[in-house]
Each structure stands twice: as C-alpha cells, then as structure tokens.
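We count residues from 1, following the sequence as given.
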Amino acid sequence: MGEKIEIFKDLIKRSENIVFFGGAGVSTESGIPDFRSKDGLYNQQYKYPPEEILSHTFFMKHTEEFYAFYKNKMNSLKYKPNITHIKLAEMEKEGKLKAVVTQNIDGLHQKAGSKTVYELHGSVLRNYCMNCGKFYGGDTVFESNGIPKCDCGGVIKPDVVLYEEGLDDETVEKAISAISRADMLIVGGTSLTVHPASGLINFYRGDRLVLINKDATMYDSKADLVINDSLGKVFEKIL
Ligand SMILES: [Zn+2]
C-alpha cells in the first residue's frame, strides 16, 4: 500500500479543489452501525424489517414504534469523529478541500470541524416540528420519552430522508455543483451501489478520481487510483 499512499499524497498536493464523497464506511470506523447495509441494522431481528420501520408511511402510521426503534438504533450523539473526519476537516481549513458530500446522517464531519458538508440523507442532529416548523437538536429527540413533541403540541420529525422520501433538491444540486467543479474527487467507504452515489460521481470531470474502499467497486476501472483498505489506515498516513 505504501506506493499508493505516496501517489495519493502527491495527488492531494497538486490539487486545490478537492471534494470528498463518503459512504457508510466513514462512520462505521467510528463504531456506528451501517444504516443501510445488510451487515448492519438489517441483519438484526425486529418485529418489522428496519427498512419498513424507517419509511415515511411507518413514521406517519406508527410514530411511537418508529421512535422506539429510532432512538434505540440511530442515536449517534455518543460517537466521536475518527481520523478520516479529522483529516478532512484539516484539509478544508487549509483551503484544499471544498466540500464533503456524505450519505451519513450522524453529523460527525461537522463535529470534526468541517463546514461545507452536503448531507444527502439528512441529519439526526436536525429535527423539525411538523406543525409549526420549529427546530430541535438531536438531544431533544433522543432524550425524549415516547414521541418527541414540540411546545405547540406538534410531532417532531427528524430531518432524515426516510424510505419513500426524496432527497432534498438543493442539497443534491450543491453536491453536483461541487463535484463537477472539483479537480480531485476522493470517494471513500462506499461500494457505490446505493443510489444516488453512483450517479453523483459521474458528474466528476477531472482526472484525479481516487477510490478508497475495503472491497472492489464497479467503478474501480474508471478510477485513477484505487486503494482497497480502510479509510482510517489511509488517512492516518497523509498530511
Ligand atoms: Zn411546533
């Protein structure tokens, strides 16, 4: 891997408009179970399949059961950023990295200090009253008993993209804009099989596409550099 790390470092050195696109692998290295993978939540046994619980219909119809699951399984408040989050935040501070595009909903990039983060699937740290729109942080929801309610009596809903719900157009547009302008795109911790990841990286026009993933992906042949290892092992060796 040593030679590849040197190439990776050299590419970073020569780039000044880097975008990082991250999947679940970024968060799992902080100990957070994978939200949408067969190895993560889906393996476990519940009364309903997790993808049904985490759907819009289920939220509306069985709000209390949704929250019982959600508060138990989706609470990322206690987790800490790992070396990848920290290095990416440093790269942004140095002016090299312009944006993080993430499929994760845990807010760990911001916790590490990243400012420009496009969260395709939303964030558990943002929640809104469905009645009056008032904002609530993650602790309000995770520390609530039963269904979290607003001062006005309305039900609070996480700003997380549930199954059956579409992505936020503005977030997607900003992510596409950042990716299409990037001189280097680092894609990490994703197998690139989950929509819209595969579609988004097609907007990259440069010649410094780096894929870092434990397993091979269908994009490996398109990449300028492929490192099949954990993100943490790669990022601890750079800068
Ligand atoms: Zn309200």
- prompt: Residues in side-chain contact (heavy atoms from CB on, under 4.5 Å) with Lys214, at least two apart?
  reply: Ser230

Which atom pair, heavy atoms only, marks the closest approach of [X] to [Y]?
X: Gly232; Y: Thr84; result: N-OG1, 3.7 Å
X: Arg208; Y: Ser15; result: NH1-OG, 2.9 Å
X: Tyr163; Y: Glu51; result: CD1-O, 3.5 Å
X: Asp229; Y: Ile212; result: O-CG2, 3.8 Å
X: Asn82; Y: Val26; result: ND2-O, 2.9 Å
X: Ile238; Y: Lys87; result: O-NZ, 3.3 Å

Going by heavy atoms in the side chains, are [X] and [Y] under 4.5 Å from each other?
X: Val124; Y: Asn75; answer: no
X: Val161; Y: Leu120; answer: no
X: Thr63; Y: Tyr70; answer: no
X: Met91; Y: Ile12; answer: yes

Validation: residues 173-192 side-chain donor-acceptor distances under 3.5 Å, sequence neighbours left out:
{"unit_1": "Lys174", "atom_1": "NZ", "unit_2": "Glu170", "atom_2": "OE2", "d": "3.1"}
{"unit_1": "Ser177", "atom_1": "OG", "unit_2": "Arg181", "atom_2": "NE", "d": "3.2"}
{"unit_1": "Ser177", "atom_1": "OG", "unit_2": "Arg181", "atom_2": "NH2", "d": "2.9"}
{"unit_1": "Ser180", "atom_1": "OG", "unit_2": "Ile176", "atom_2": "O", "d": "3.0"}
{"unit_1": "Ser180", "atom_1": "OG", "unit_2": "Ser177", "atom_2": "O", "d": "3.0"}
{"unit_1": "Arg181", "atom_1": "NE", "unit_2": "Ser177", "atom_2": "O", "d": "3.3"}
{"unit_1": "Asp183", "atom_1": "OD1", "unit_2": "Asn17", "atom_2": "N", "d": "2.9"}
{"unit_1": "Asp183", "atom_1": "OD2", "unit_2": "Glu16", "atom_2": "N", "d": "2.8"}
{"unit_1": "Asp183", "atom_1": "OD2", "unit_2": "Asn17", "atom_2": "N", "d": "3.3"}
{"unit_1": "Thr190", "atom_1": "OG1", "unit_2": "Leu192", "atom_2": "N", "d": "2.9"}
{"unit_1": "Ser191", "atom_1": "OG", "unit_2": "Thr193", "atom_2": "OG1", "d": "3.0"}

Taking salt bridge (charged side-chain N to carboxylate O under 4.0 Å, His left out) as the definition, give me every residue that meets it alongside [X], ordered by chain and number, with sequence neighbours left out.
X: Asp159; result: Arg126
X: Asp169; result: none
X: Lys13; result: none
X: Glu52; result: none

Once ring pair (Phe, Tyr, Trp, His ring centres under 6.0 Å) is applied, do any residues pair with [X], and if so which ones, sequence neighbours excluded?
X: Tyr136; result: none
X: Tyr118; result: none
X: Tyr128; result: Phe135
X: His62; result: Phe58

query: Step by step, would you call Gln110 with Leu125 a side-chain contact (heavy atoms from CB on, under 4.5 Å)?
result: CA-CA 10 Å; Gln110 291 91 334; Leu125 305 184; 5.9 Å; no

message: Between Phe59 and Leu54, does the side-chain contact (heavy atoms from CB on, under 4.5 Å) criterion hold? Intermediate values first, please.
response: CA-CA 7 Å; Phe59 177 85; Leu54 295 170; over 6 Å; no

Okay, side chain of [X], backbone of [Y]: is any donor-acceptor separation there less than 3.5 Å?
X: Glu92; Y: Thr116; answer: yes
X: Asp207; Y: Asp224; answer: no
X: Asn104; Y: Gly23; answer: yes
X: His56; Y: Leu162; answer: no
X: Lys111; Y: Tyr79; answer: yes

Say you draw a straight line from [atom1] of [X] to [atom2] of [Y]; how long is it, rounded to the nearest 0.5 Å?
X: Glu29; Y: His85; atom1: CD; atom2: NE2; answer: 9.0 Å
X: Phe21; Y: Gln103; atom1: CZ; atom2: CD; answer: 4.5 Å
X: Lys115; Y: Leu97; atom1: NZ; atom2: CG; answer: 13.5 Å

message: I'd like to know whether Glu90 forms a salt bridge (charged side-chain N to carboxylate O under 4.0 Å, His left out) with Lys93, so could you lay out the CA-CA distance, the side-chain angles of the two residues, the decisive distance to 0.1 Å, and finally the verdict.
response: CA-CA 5 Å; Glu90 283 174 9; Lys93 211 174 266 177; over 6 Å; no

Does [X] share a hydrophobic cluster with [Y], counting links as ILVMFWY side-chain heavy atoms below 4.5 Å and allowing steps through other members?
X: Val160; Y: Ile53; value: yes
X: Leu225; Y: Phe20; value: yes
X: Leu88; Y: Leu11; value: yes

query: Step by step, would you call Ile5 with Val234 a side-chain contact (heavy atoms from CB on, under 4.5 Å)?
result: CA-CA 7 Å; Ile5 294 289; Val234 174; 3.9 Å; yes

query: Tell me, which pairs form a salt bridge (Lys or Arg N to Asp or Glu O under 4.0 Å) where one or both residues lie in residues 146-158, sequence neighbours left out?
result: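 Sorted pair list: Lys134-Asp151, Lys157-Glu165.
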
Side-chain donor/acceptor pairs under 3.5 Å, residues 137-147, sequence neighbours excluded:
{"unit_1": "Ser144", "atom_1": "OG", "unit_2": "Lys71", "atom_2": "NZ", "d": "3.1"}
{"unit_1": "Ser144", "atom_1": "OG", "unit_2": "Val141", "atom_2": "O", "d": "2.6"}

message: Show, in sequence, the C-alpha distance, side-chain angles and deciding distance for Ile18 and Lys98, and conclude whether the side-chain contact (heavy atoms from CB on, under 4.5 Å) test is met.
response: CA-CA 6 Å; Ile18 303 172; Lys98 302 303 180 194; over 6 Å; no

